[in-house]
Amino acid sequence: MTDPTRIAAPAVRRGWLERGPGPDAARGHEDFVEVSWDKALDLLSTELLRVRSEHGNEAIYGGSYGWASAGRFHHAQSQLHRFLNAFGGFTSSRNTYSNGTSSVVLPYIVGSAVDALRNGSSWPTIVANTELLVAFGGVPEKNVFVTPGGVTRHHTPGFLAQLADRNVEVALISPLREDLPDRLQARWYPIRPATDTALMLGLAHTLATEDLHDRQFLDRYCTGYAEFERYLLGAEDGIAKDAPWASALTEIPPEDIVALARRMAVHRTFITVTWSLQRIEHGEQPVWAAIALAAMLGQIGLPGGGFGHGYGSMGDTGDIGPDFRVPHLSQGTNPVRQFIPVARIADMLLNPGTRYHYDGTERVYPDIRLVYWSGGNPFHHHQDLNRLRKAFSQPDTVIVHEPFWTATARHADIVLPTTTALEREDFGSGRRDTHLIAMHRIAEPHAQARDDYVILGAVAARLGIEDQFTEGRTPREWLVDLYESWRERLVDQGVAVPSFPDFWEAGEYRLPNDSSERTLWSDFRANPVAHRLATPSGRIEITSQRVAAFGYDDCPGHPAWLEPVEWLGGERAQRFPLQLIANQPRTRLHGQLDGGAVSQGGKVAGREAVRLHPLDAKPRGIDEGDVVRIFNDRGACLAGAVLATDLRPGVVQLPTGAWFDPVGSLCVHGNPNVLTADVPSSRLSQGCTGQHVLVEIEPFVGEPPGISVRRPPVLSRDRER
Ligand SMILES: Nc1nc2c(c(=O)[nH]1)N[C@H]1C(S)=C(S)[C@@H](COP(=O)(O)OP(=O)(O)OC[C@H]3O[C@@H](n4cnc5c(=O)[nH]c(N)nc54)[C@H](O)[C@@H]3O)O[C@H]1N2
Ligand SMILES: Nc1nc2c(c(=O)[nH]1)N[C@H]1C(S)=C(S)[C@@H](COP(=O)(O)OP(=O)(O)OC[C@H]3O[C@@H](n4cnc5c(=O)[nH]c(N)nc54)[C@H](O)[C@@H]3O)O[C@H]1N2
Ligand SMILES: [Mo]
C-alpha cells in the first residue's frame with residue numbers, strides 16, 4: 001500500500017506537456033511533471049475530443065487487456081469499456097493471452113470454447129473415477145490460487161491431495177518436475193518442450209495399429225477420423241507417426257510411448273492439457289491432438305475419462321461452485337466494430353492499414369492515435385518488449401491508470417493514480433466460486449489516488465456523458481443497486497439471499513447449487529442427437545473441413561506435427577541452444593506487487609531467479625547465485641542463477657513478471673519478454689506464443705547495473721500548481 005513505487009499524483013510526460021500530442025520516441029525515456037487533478041483531467045478530455053473529431057472513435061485503442069485486481073464493480077477494464085462506449089466506442093481486443101489459441105480453434109473441433117474452458121469435469125468426479133491421469137504440462141499447483149474476480153476458496157490443493165490418497169496413477173509430461181506436487185508420485189516424462197503433439201501422435205499411432213482404438217465411439221460421435229488415421233500411418237507423406245518417430249522428436253524412449261498408450265487403453269484415462277501448451281507456435285495442435293487421442297480412447301463423456309483443459313492453470317478449472325453470474329457492472333455496447341486479436345497490439349501500432357489473417361478472414365489494422373490502458377500491463381504481458389517500445393512511440397497519446405509506476409505507466413503520457421482493492425469497497429468472486437465475499441475498505445486511498453470509477457466519472461462530466469456513465473450513483477450506491485437487483489432475480493427463483501446490509505455485515509454469502517459432480521460432454525455422449533455439438537457435423541471434428549478450407553499451412557485441417565522455430569530440434573537452436581520456459585511466477589500474479597515482500601523474497605542477487613540444470617551451468621562457468629546474462633538476437637536480460645536437477649537439461653526456466661527495467665535493449669531485472677518472439681500461434685487464432693523462447697546464457701562479468709524500477713521515475717512539480 002505504501003511502496004515507493006505507488007503513484008502519488010497525476011503526472012504528465014514532460015515532452016507531451018511541452019510539445020503536445022504526437023508520435024514520440026522519447027516516450028518511456030523522459031521524466032514526468034506532476035500536475036493537479038483538474039489539469040490532468042482537462043488535458044485528457046481535450047485530447048479525447050481532439051482525437052475523436054479528427055480521426056473518429058476507431059482511432060482510440062481501448063482493449064486495455066489485463067487482470068487489474070480482485071473485485072467485480074471496480075474491475076478496471078469494465079469501467080474503461082463502459083466509459084469509452086458512452087463516448088462513442090473504441091477499437092477493442094478479442095480473446096486473451098491465457099488461452100487465445102484454444103478459444104479460436106475449439107469451436108471448430110467441439111462447437112464451443114466455453115465447454116472445455118469453463119465447464120470441464122469437476123475434481124470430485126475425477127478423484128472418484130480416474131485411474132490414469134495423463135497430464136501434459138502437469139497440474140502446476142502454483143497456479144491455482146487465482147481466478148479472475150478474486151477466488152474465495154482454494155479447493156484444488158485438497159483435490160490433488162485426494163488424488164494422492166487414492167493412488168491414482170499419474171503420468172507427468174513436462175520439462176519441469178515441479179509441475180506436479182511430489183506427493184502424487186507421478187511417473188515423470190521429461191519431454192522436449194514444444195513436442196507434445198508428436199507424443200500424442202505417437203500414442204495415437206500405437207492405439208490405431210494395435211487396434212486399441214474405440215471404433216464405435218469414433219463412428220458415432222466423431223467425424224474425420226479416417227483422414228487423421230491416414231496421416232498417422234503416413235499414407236500421404238510416407239512418414240508413419242509411430243513411437244520411434246515420436247521418440248526422435250520428444251526424446252522419450254519409444255518403448256515408454258508404446259507402454260503408456262497400452263495403459264491408457266485399458267484404464268479410465270483422463271488427458272489434461274495446461275493452457276501453456278497452446279501459448280506457443282502452432283498452439284492449436286496439442287489441444288486438437290489431445291482431443292483426437294481422447295476420442296480414440298472412447299472415454300469422452302464418461303466420469304473420470306476424456307479430455308480436460310487448464311487443470312492447474314487456474315483456480316476455477318474443475319472447481320465445484322455453480323455456473324453462475326455474480327453481480328457485475330454493465331459495459332454498455334461498443335458502436336465501433338473494429339478489433340484486433342489481443343496479442344497483435346504491436347503489429348497494429350506499427351503497421352496501420354496492413355492486412356492480416358484471422359480465423360478465416362482477412363482484416364486491416366486500424367490507425368490508432370490514442371491508447372488508453374487501465375488495469376493491465378502490456379510491458380509485462382506482451383512479447384519482444386524492445387519492439388513494443390517502438391510500437392508505443394507511434395500513437396499521439398498514451399493514457400494509463402495505475403496504482404504503481406509499472407513500465408507501462410512509465411511509457412505513458414498521462415498517468416493517473418488509482419486506488420487498490422484495499423482502499424475501496426467491492427464484492428469479489430471468481431468463476432465456479434462457492435462464495436461471494438464483501439471486500440471492505442481497510443485503508444484510505446494512498447496520497448492523491450482515486451478510484452477508476454471516480455476518475456472516469458470526472459472525465460465523463462467534462463465530456464457531457466456523466467449521466468450515462470455514472471447514472472448519478474456513488475460507488476456504494478452502485479454496490480447496493482447491483483447486489484439488490486441480482487438478489488431480486490434469485491429470490492424470484494426461490495433462493496434465499498440476504499439483503500445487502502446483512503451480506504455486508506456477514507462478509508460473505510455461500511452461493512446456491514454447488515456442482516461437484518460434473519463430466520464434460522456427458523449429455524452429448526448420452527444423446528448425440530439431442531445434444532449435438534455446435535460443429536457443422538454436430539460431432540467432434542477430428543478433421544475440420546472448415547479449417548482445411550482456410551488453407552493455412554500453419555494450421556491444417558487435422559492435428560499435425562508442425563515444426564516451430566523456437567525449439568531445441570531446429571536450426572535456431574544452433575545459435576541459441578537453451579529452451580527458456582517463461583511460465584507463470586510462483587511468487588506473484590504476473591507483474592503485480594513485484595516490489596512486495598513475497599516477490600522480493602524469491603529474487604536472487606536482486607533479480608528474477610532463472611533455474612537451470614548443473615549440466616548446462618557448469619560448462620558455462622555459472623554457479624549458484626551468479627548474475628547471468630540471458631540473451632538472443634532480440635534482446636537480453638540479467639537474472640540470478642539457481643541450479644536445479646528437477647528440470648530437463650537444455651531447458652531453463654525464468655517466470656514472467658519481473659518489472660521491465662531497461663538499459664538500452666537489456667532488462668537488468670529479468671523480464672523474459674525482452675527475449676520472446678512477437679509471432680502468433682498461427683494465422684487462424686493469432687494467439688500469444690510467449691511460453692517458449694530459445695536463448696544462450698553467460699556469466700555477467702563486472703559490476704552489474706543497479707535496479708532502478710524499484711524507485712519512481714524522475715518527477716518534478718508543475719509550476720502552475
Ligand atoms: N512470456 C510470457 N508472457 C506472458 C505469459 C506467458 O506465459 N509467457 N502469460 C500471459 C498471460 S496468460 C497473461 S493473462 C498476461 C497477464 O498480463 P497483465 O494482466 O497485463 O499483468 P498484470 O501484472 O496482472 O497487470 C495488471 C495491472 O493492473 C494494475 N492494477 C491493479 N489494480 C488496479 C486497479 O484497480 N485499477 C487500475 N487501473 N489498475 C490496477 C496492477 O498494478 C498491474 O500493473 O501475461 C501474459 N504474458
Ligand atoms: N502464481 C500464479 N498463478 C497464476 C498466474 C500467475 O501469474 N501467478 N497467472 C494465471 C493466469 S492469467 C493464467 S492464464 C494461468 C496460466 O496457466 P498455464 O499457462 O497452464 O501456466 P504456466 O505456469 O505458464 O505453464 C504451466 C506449465 O507448463 C509447462 N510447459 C511449458 N512448456 C511445455 C511444453 O512444451 N510441454 C509440456 N508438456 N509442458 C510445458 C511448464 O513447465 C509450466 O510450468 O495461470 C494463472 N495462475
Ligand atoms: Mo492469463
Side-chain angles (χ1 to χ4, degrees), residues 64-71 74-77 79-80 96-100 135-148 172-179 189-197 199 250 273-280 286 309-315 317 343 373-383 400-404 406-409 416-421 423-424 426 449 451-452 455 567 579-594 647-648 651 653-657 659 671-673 675-676 688-693:
S64 190
Y65 183 80
W67 268 58
S69 40
H74 289 286
H75 181 238
Q77 200 189 97
Q79 292 284 352
L80 180 62
T96 60
Y97 281 73
S98 312
N99 46 46
F136 290 89
V139 183
E141 196 169 5
K142 69 178 171 59
N143 287 351
V144 302
F145 299 94
V146 296
T147 303
L172 164 63
I173 296 155
S174 172
L176 308 188
R177 174 62 188 87
E178 64 166 15
D179 279 337
Y189 298 82
I191 192 167
R192 180 146 72 168
T195 65
D196 298 81
T197 305
L199 177 57
T250 59
V273 176
T274 48
W275 296 341
S276 54
L277 260 74
Q278 50 88 69
R279 207 175 301 114
I280 63 172
H309 199 14
Y311 290 80
S313 295
M314 200 88 84
T317 311
W373 226 292
S374 179
N377 186 354
F379 283 88
H380 161 78
H381 65 234
H382 196 59
Q383 286 56 66
V400 169
H401 295 193
E402 253 292 342
F404 298 95
T406 60
T408 298
L416 303 177
T418 67
T419 52
T420 68
E423 298 161 352
R424 58 194 183 218
D426 211 333
D451 297 351
D452 293 296
I455 299 172
W567 81 300
Q579 177 71 281
L580 187 146
I581 293 192
N583 59 351
Q584 314 300 311
R586 176 184 295 283
T587 54
R588 57 185 175 259
L589 174 64
H590 312 135
Q592 298 200 35
L593 308 182
D594 187 26
L647 80 183
R648 188 196 149 86
V651 168
Q653 185 238 342
L654 177 69
T656 61
W659 279 13
N671 188 317
N673 277 327
L675 303 159
T676 50
C688 161
T689 62
Q691 183 82 194
H692 290 169
V693 61

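Quick note: residue numbers are just sequence positions, from 1. Note that ligands are numbered from 1 as they come in the structure, with each ligand's atoms numbered from 1 the same way. All values below were derived from every heavy atom in this structure, side-chain atoms included, with hydrogens, water molecules and symmetry-related copies excluded.
- Within 4.0 Å of ligand 1, the residues that place a heavy atom are Y65, G66, W67, A68, S69, A76, Y97, S98, R279, S374, G375, G376, N377, H380, H381, Q383, H401, E402, P403, F404, T406, T418, T419, R424, D452, A582, Q584, H590, G591, Q592, T656, N673, T676, G690, Q691, listed by chain and number.
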Exercise. Checking side-chain hydrogen bond (donor to acceptor under 3.5 Å, both in side chains) for the pair H401/D452: CA distance, chi angles, key distance, verdict?
Worked result: CA-CA 7 Å; H401 295 193; D452 293 296; 2.9 Å; yes
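- Close contacts of ligand 2 with D196, meaning ligand atoms under 4.0 Å from a residue heavy atom, involve 34 (C), 35 (O), 36 (N), 37 (C), 38 (N).
- Near P140, with a cut-off below 4.0 Å to any heavy atom, the atoms of ligand 2 are 26 (C).
- The main-chain N or O of L199 is never found under 3.5 Å from a side-chain atom of T250 such that the two would form a donor-acceptor pair.
- Of all atoms in ligand 2, listed by their number and element, those nearer than 4.0 Å to a heavy atom of L277 are 36 (N), 37 (C), 38 (N), 39 (N), 40 (C).
- Residue-to-ligand polar distances place A194 within reach of ligand 2: an N/O pair is separated by less than 3.5 Å.
- Put simply, the side chain of P193 reaches to within 4.5 Å of the side chain of V651, judged on heavy atoms.
- For the ring pair (Phe, Tyr, Trp, His ring centres under 6.0 Å) with Y65, the qualifying choice from H382, H381, H590 is H381, the only one to do so.
- The line from OG1 of T408 to CZ of F379 is 6.0 Å long, rounded to the nearest 0.5 Å.
- A donor-acceptor pair is defined here as one N or O able to donate and one able to accept, closer than 3.5 Å; no such pair exists between the side chain of K142 and the backbone of E178.
- When the options L654, I581, T676 are evaluated for a side-chain contact (heavy atoms from CB on, under 4.5 Å) with V693, the one that passes is T676.
- Within the 4.5 Å cutoff, side-chain heavy atoms of Q383 are placed close to those of C688.
- Counting the atoms of ligand 2 from 1 in the order shown, those under 4.0 Å from a heavy atom of P193 are 35 (O).
- Counting atoms of ligand 2 from 1 in the listed order, those under 4.0 Å from a heavy atom of I173 are 37 (C), 38 (N).
- In this structure, D179 has no salt bridge (charged side-chain N to carboxylate O under 4.0 Å, His left out) partners at least two apart in sequence or on a different chain.
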